[in-house]
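Okay, so here's the structure we're looking at.
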Amino acid sequence: MKFDVAIIGSGLAGLSVALHLAEQKNVVVISKGELLDGASNWAQGGIAAVLDSGDSHAQHIDDTLIAGAGLCDESSTRFIVEHGRDAIEWLIEQGVPFTRDASAELGFHLTREGGHSQRRIIHAADATGHAVQVTLEQRVRSHPNITLLEHHCAIDVISSKKVDPTAPGTPRCVGVYVQDVKQNKVVTIAADHTVLATGGAGKVYLYTSNPDSATGDGIAMAARVGCRVANMEFIQFHPTCLYHPYAKSFLISEALRGEGALLKLPASAGTAAGMRFMPQHDDRAELAPRDIVARSIDFEMKKRGLDHVDLDISHQSPEFIQEHFPTIQARCLEFGIDITKQPIPVVPAAHYTCGGVVTDMSGRTDMPGLYAVGETAYTGLHGANRLASNSLLECLVLGRAAALHIEQQTKPAAVTLPAWDESRVSDADEEVVISHNWDELRRFMWNYVSIVRTNKRLQRAQHRIALLKEEIDEYYANFRITRDLLELRNLVDVAALIVNSALARKESRGLHYSLDYPDTLAKALPTVITLEK
């Protein structure tokens, strides 16, 4: 198969690139599952952008830099923030049904979330990601220049060195190997330009708000061909995931706290039950940045032996809750929790990968022909901690920037790609090896490399990763691939990047908190590494 552009991933970043390119290019969008299976579809809060005269780019930039704890790239932050309004207006043109407010300047309701000094979050009730994804999905499905390959799992990007190992010059990305999951066969896709838009790596942890597809595929694939990866130690744990044995990965939006919800100790806290605790940890209380709120909850849970804390918005009227949070209200009711009358049990969970593949402001990675956008990429916007609702903004702005850069490139020389070779492999005799290693990896990452870290825990994790990687590489070399095997291979590579990055940082900053290095250095730089061979 041959295309001008191959886009791996079908979230907001990938679909944005596709739609911006489709008038000029022949594009394929490759999705592991259905188009709506990714994390973008789950995003509840909204998109941060300066849309009111009472706000300013300078304030949005300052809020981002403060949340990023000294590690944001200011020029990247400025570029993304200053293009925010254009991105929102493009979504409005596409028909995204944002919540309206006749009294607002732009005619849409703006909310506020933790770390923001102004109301600047445009949203579609409490299901913004779904509203955006459904709108863009319809446009993508109907576009004649866009081919959709759903239920196709990317294996590896193809370097020109694989085509001709003796070729001089810098290796270029010339396509991608993809597994057709339903047909159980490998497809070779040649592309002039390849875009990694596979999202983050939340599934490397036992507890996460991410969908099952968030296995760090793009980060691992780019790292395996020598691209630099940065700031992987900064994994954002969302403070409030619904705590219920049957509620898988359901996020309770930060917008609840933005609209007055309070964090309290649950009944199991004994005499302290019902007590607010955030004012004791930070002057901003429930509106502190996510890293502070997550660490505060983790502290209270460990100190008091709790399995969760409570998030209470029941003091707001039922009408207010129904208007602003219909999805959360309905989902909680499914589990017997009436949020108009009782608090929501919540726990922190791995939520967002602030690091990723190093790119410039056109989405270019270190390998010519290979781009990365969205949560897969590291642009310098998020620093040591992502400011709420900046992620979808980054997807939109960098998606368009990458598309513009690709449009301007001259067409590279055509190459004939080698077919996938399965001549020396057989069907796996036991799948239990994969399921066991998958479970072990996620458990020790949760126990040793989560909200609070120590050198000893990180070294234990590093040792286990080395052993797992050896087993997985041997399995990969001898047996036919499956989606589970591909995802496990990617997760163990991403786990290595996270642990090696965490060991390299000799301080506590933002989302990386070390008991061995509790102080923050006067000056620090991003952690930039490559995957060890």
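Computed from a predicted structure; not experimentally measured. For the single chain, residues carry numbers from 1 onward in sequence order. Below, all heavy atoms of this structure are taken into account, side chains as well, without hydrogens, waters or symmetry copies.
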Side-chain H-bond candidate by donor/acceptor type, [X] with [Y], under 3.5 Å:
X    : Y    : value
S514 : S508 : no
H382 : Q236 : no
S117 : D63  : yes
Q329 : T340 : no
H116 : R120 : yes
S391 : E375 : no
T128 : H123 : no
R509 : T520 : no
S296 : D282 : no
Q342 : S314 : no
E113 : S389 : yes
T77  : E74  : no
K32  : S10  : no
E254 : H238 : no
R112 : Q118 : no
N490 : D217 : yes

Task: R364 charged N/C atom sitting above Y371 aromatic ring, 6.0 Å / 45° - done: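 Ring-cation test returns no.
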Mark yes or no for whether [X], through its side chain, and [Y], through its backbone, hold a donor-acceptor pair below 3.5 Å.
X    : Y    : answer
D73  : S76  : yes
R139 : Q94  : yes
T208 : K203 : no
Y205 : V449 : yes
D366 : C227 : no
N210 : G202 : yes

Task: I313 vs F325, side-chain contact (heavy atoms from CB on, under 4.5 Å): CA-CA, chis, key distance, verdict - done: CA-CA 11 Å; I313 198 170; F325 307 111; 3.8 Å; yes
Open item on the list: Please determine whether ring-ring contact (aromatic ring centres under 6.0 Å, His included) holds for the pair H244 and F335, giving the CA-CA distance in whole Å, both sets of side-chain angles, and the decisive distance to 0.1 Å.
Closed with: CA-CA 8 Å; H244 190 281; F335 299 107; 4.6 Å; yes
Quick one: does [X]'s side chain get under 4.5 Å of [Y]'s, heavy atoms only?
X    : Y    : value
Q133 : L35  : no
I451 : R295 : yes
L263 : V346 : yes
P348 : M301 : yes
D310 : L265 : no

TODO: Assess whether atom OH of Y207 is packed by more than 12 heavy atoms of other residues, nucleotides or ligands within 6.0 Å.
DONE: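 Atom OH in Y207 is not packed in, count stays at 12 or less.
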Task: R400 atom CZ, neighbour heavy-atom count above 12 within 6.0 Å - done: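 No - once you tally the heavy atoms of other residues, nucleotides and ligands closer than 6.0 Å, there are 12 at most.
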Open item on the list: My understanding is that only one of E233, R453, E507 makes a side chain to side chain donor-acceptor pair (under 3.5 Å) with H512; could you say which?
Closed with: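 Among the candidates, only R453 passes.
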Open item on the list: Run the ring-ring contact (aromatic ring centres under 6.0 Å, His included) test on F299 and H281 for me, step by step, so that the C-alpha distance in whole Å, both residues' side-chain angles and the decisive distance to 0.1 Å come before the verdict.
Closed with: CA-CA 10 Å; F299 175 86; H281 293 273; 5.5 Å; yes
Task: Stepwise side-chain contact (heavy atoms from CB on, under 4.5 Å) check, L398 with T379 - done: CA-CA 9 Å; L398 266 296; T379 63; 4.1 Å; yes
Open item on the list: R257 vs V293, test: side-chain contact (heavy atoms from CB on, under 4.5 Å). Steps then yes/no.
Closed with: CA-CA 11 Å; R257 286 182 282 123; V293 178; 3.7 Å; yes
Open item on the list: Please identify which of these residues, I252, I328, L251, V347, meets the side-chain contact (heavy atoms from CB on, under 4.5 Å) condition with L242.
Closed with: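 Running side-chain contact (heavy atoms from CB on, under 4.5 Å) over I252, I328, L251, V347 with L242 returns exactly one hit, I252.
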TODO: Before giving the answer on side-chain hydrogen bond (donor to acceptor under 3.5 Å, both in side chains), spell out for E23 and H143 the whole-Å C-alpha distance, their side-chain angles and the decisive distance to 0.1 Å.
DONE: CA-CA 9 Å; E23 294 305 313; H143 203 293; 2.7 Å; yes
Open item on the list: Which label fits H83 and F79: parallel for a plane angle under 30°, tilted from 30 to 60°, or perpendicular past 60°?
Closed with: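 H83 and F79: tilted rings.
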Task: Worked verdict on R505 versus F234 for side-chain contact (heavy atoms from CB on, under 4.5 Å) - done: CA-CA 10 Å; R505 186 163 294 280; F234 298 113; 3.3 Å; yes
- [ ] Before giving the answer on side-chain hydrogen bond (donor to acceptor under 3.5 Å, both in side chains), spell out for T359 and T365 the whole-Å C-alpha distance, their side-chain angles and the decisive distance to 0.1 Å.
- [x] CA-CA 5 Å; T359 73; T365 71; over 6 Å; no
Open item on the list: With ring-ring contact (aromatic ring centres under 6.0 Å, His included) as the criterion, how do H405 and H193 come out once you've worked through the C-alpha distance, each side chain's angles and the decisive distance to 0.1 Å?
Closed with: CA-CA 11 Å; H405 189 271; H193 305 278; 8.0 Å; no
